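This one's a predicted model, so the numbers in the text were calculated from it and none came from an experiment. Computed from heavy atoms alone, side chains included, the values below leave out hydrogens, waters and symmetry copies.
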Amino acid sequence: SWCCMILSINSPALDYGTLPLISNHRLFTSVEKNEADPDTYHAAQVWSGEAPRRTNVDISAKTIEVVVAYCAADIQWMYDDLLGKLPNQVDATVKMTIVSKCGNEAELPKLIEDHRVKQVDILTLPNVGGCDYAYAHFINRYVAKTTPEDAASSMLLFIKDTPRNQEYFQFALHERFRGVDELIQMASRGEFVCGTKTHCAISSYHDNKVLNNFLISEYKRQSERAKITGDDDFSEFNALQYENLEDFHKRALNWTFPNEIFTEVCYGGSFAL
């Protein structure tokens, strides 16, 4: 139940793998109507990955940077459904970084000519690792060249080149894409937020024990999954033959999850912070 969920989130002894099975529609309805006390409402937001950090710092973004993992999709949709959804902030600079992985830079629209965009950078990468590799490359580059002061006054939005509509939304246990304006609003409160919203009974947090055992050997782009094609249309994912995600963390990154118990996981290749 939502009551169990709220108590369990604060319990270090909890098996977080049981959280997605918990639901109580009566309490969820009260939370939706803001009838619950503030701590209950905040816990419900934590459960769904929507909770603002409890801080007295007033977050005012001086820079909104949009990072696009681009291959071959027509990104004309971004004029209305992305740039048109960004808040009108007089003091905020909008930058776009297009991480191009399929050699189709000549097909990109001239986004720099839009008055809402101050700067457009195009990074070219080999077509490996999906959008995840594109984002990891950008993040490493961003951390290396950005001062803590600039990072603290910036907001980052990561999205794929495909339109954010139902045709490309095929994620089990999720309700919908979060709108760009919704992502910006949540990120402006100082929180990391996923680009998809889970069903009310499903938390965006995952049990690290389960995550560490995750393994995938091949994948197919989201835009291709609805098509009837042969198995040869899948792309190799685990070329270096890692045993699982934990093995990848140890051998490739020398890293572990910051939280020993659970981790927020995003689906659909979009998030903001």
Taken in chain and number order and not counting sequence neighbours, the residues that satisfy side chain to side chain donor-acceptor pair (under 3.5 Å) with T146 are none
For this session: Report yes or no: does R164 contribute a side-chain atom to a donor-acceptor pair with the main-chain N or O of L82 at less than 3.5 Å?
Result: no
- prompt: Around K145, counting heavy atoms of other residues, nucleotides and ligands shown, do more than 12 lie under 6.0 Å from its NZ?
  reply: yes
Rounded to the nearest 0.5 angstrom, the OG-CD1 distance for S154 and I64 is 9.5 Å
Margin query: Using 30° and 60° as the class boundaries, would you call the ring planes of Y133 and H137 parallel, tilted or perpendicular?
Written below: tilted
For Y242 and A252, the nearest pair of non-hydrogen atoms, with its separation, is OH-CB, 3.4 Å
side-chain contact (heavy atoms from CB on, under 4.5 Å) test vs L86 passes for just one of V117, D181, V94, namely V94
Separation between CD (E182) and CD1 (I184), nearest 0.5 Å, reads 11.5 Å
Rounded to the nearest 0.5 Å, the CD1 atom of I122 sits from the CD1 atom of I98 at a distance of 6.5 Å
Is the distance between the ring centroids of F262 and H206 under 6.0 Å? no
In short, C71 meets D161 closest at the heavy-atom pair N-OD2, 2.8 Å
F257 and H249: side chain to side chain contact (heavy atoms under 4.5 Å, CB included), yes or no, with the steps? CA-CA 9 Å; F257 290 118; H249 285 168; 3.4 Å; yes
Residues pairing under salt bridge (Lys or Arg N to Asp or Glu O under 4.0 Å) where one sits in residues 250-273, two or more places apart or in two chains, turn out to be E246-K250, D247-R251
Residue pairs passing the salt bridge (Lys or Arg N to Asp or Glu O under 4.0 Å) test with at least one member in residues 195-206, sequence neighbours excluded, are E50-K197
Report yes or no: do L215 and V210 belong to one cluster of Ile/Leu/Val/Met/Phe/Trp/Tyr joined by side chain heavy-atom distances under 4.5 Å? no
Please confirm whether F158 and F271 have ring centers closer than 6.0 angstrom. yes
Across all chains, not counting sequence neighbours, the salt bridge (Lys or Arg N to Asp or Glu O under 4.0 Å) partners of R116 are D114
Applying side chain to side chain donor-acceptor pair (under 3.5 Å) to N212 and not counting sequence neighbours gives none
Regarding R176 and T196, do their side chains bring together a donor and an acceptor under 3.5 Å, going by distance alone?
no
When rounded to the nearest 0.5 Å, the distance separating CE of M96 from CD1 of I112 is 10.0 Å
Between V66 and M78, is the side chain to side chain contact (heavy atoms under 4.5 Å, CB included) condition met? List the steps. CA-CA 11 Å; V66 181; M78 292 187 180; 5.9 Å; no
The side chain to side chain donor-acceptor pair (under 3.5 Å) partners of Q119 (sequence neighbours excluded) come to D121
*Answer yes or no: are there more than 12 heavy-atom neighbours, outside N254 itself, under 6.0 Å from its atom CG?*
no
Smallest heavy-atom separation, V99 atom then A134 atom, equals CG1-CB, 3.6 Å
In short, side-chain hydrogen bond (donor to acceptor under 3.5 Å, both in side chains) pairs touching residues 94-109 with sequence neighbours left out are E65-T97, S100-E105
When rounded to the nearest 0.5 Å, the distance separating NE2 of H115 from NZ of K118 is 13.0 Å
Applied to residues 141-171, the disulfide bond (SG atoms under 2.5 Å apart) test, sequence neighbours excluded, yields none
What one should report as the nearest heavy-atom pair of A187 and V193 is N-CG1, 4.4 Å
For N259, the side chain to side chain donor-acceptor pair (under 3.5 Å) test, sequence neighbours excluded, returns none
Donor-acceptor pair, side chain of Y135 and main chain of G269, under 3.5 angstrom = yes
Review point. Are the side chains of Y205 and T263 in touch, meaning some heavy atoms are under 4.5 Å apart?
Key: no
For I75 and P109, the nearest pair of non-hydrogen atoms, with its separation, is CG1-CD, 3.5 Å
Ring pair (Phe, Tyr, Trp, His ring centres under 6.0 Å) filter on F177, not counting sequence neighbours, yields F169
Problem - Minimum side-chain heavy-atom gap V180-L157 below 4.5 Å - result: yes
**Prompt:** Is there a path of hydrophobic side-chain contacts, each under 4.5 Å between heavy atoms of I, L, V, M, F, W or Y residues, that connects F214 with L240?
**Reply:** yes
query: Tell me, do D150 and K62 make a side-chain contact under 4.5 Å, heavy atoms counted?
result: no
Quick note, side-chain hydrogen bond (donor to acceptor under 3.5 Å, both in side chains) partners involving residues 66-81, not counting sequence neighbours, are none
Separation between CG (N244) and CD1 (I216), nearest 0.5 Å, reads 13.5 Å
Hits for disulfide (SG to SG under 2.5 Å) against C194, two or more places apart or cross-chain, chain-then-number order -> C266
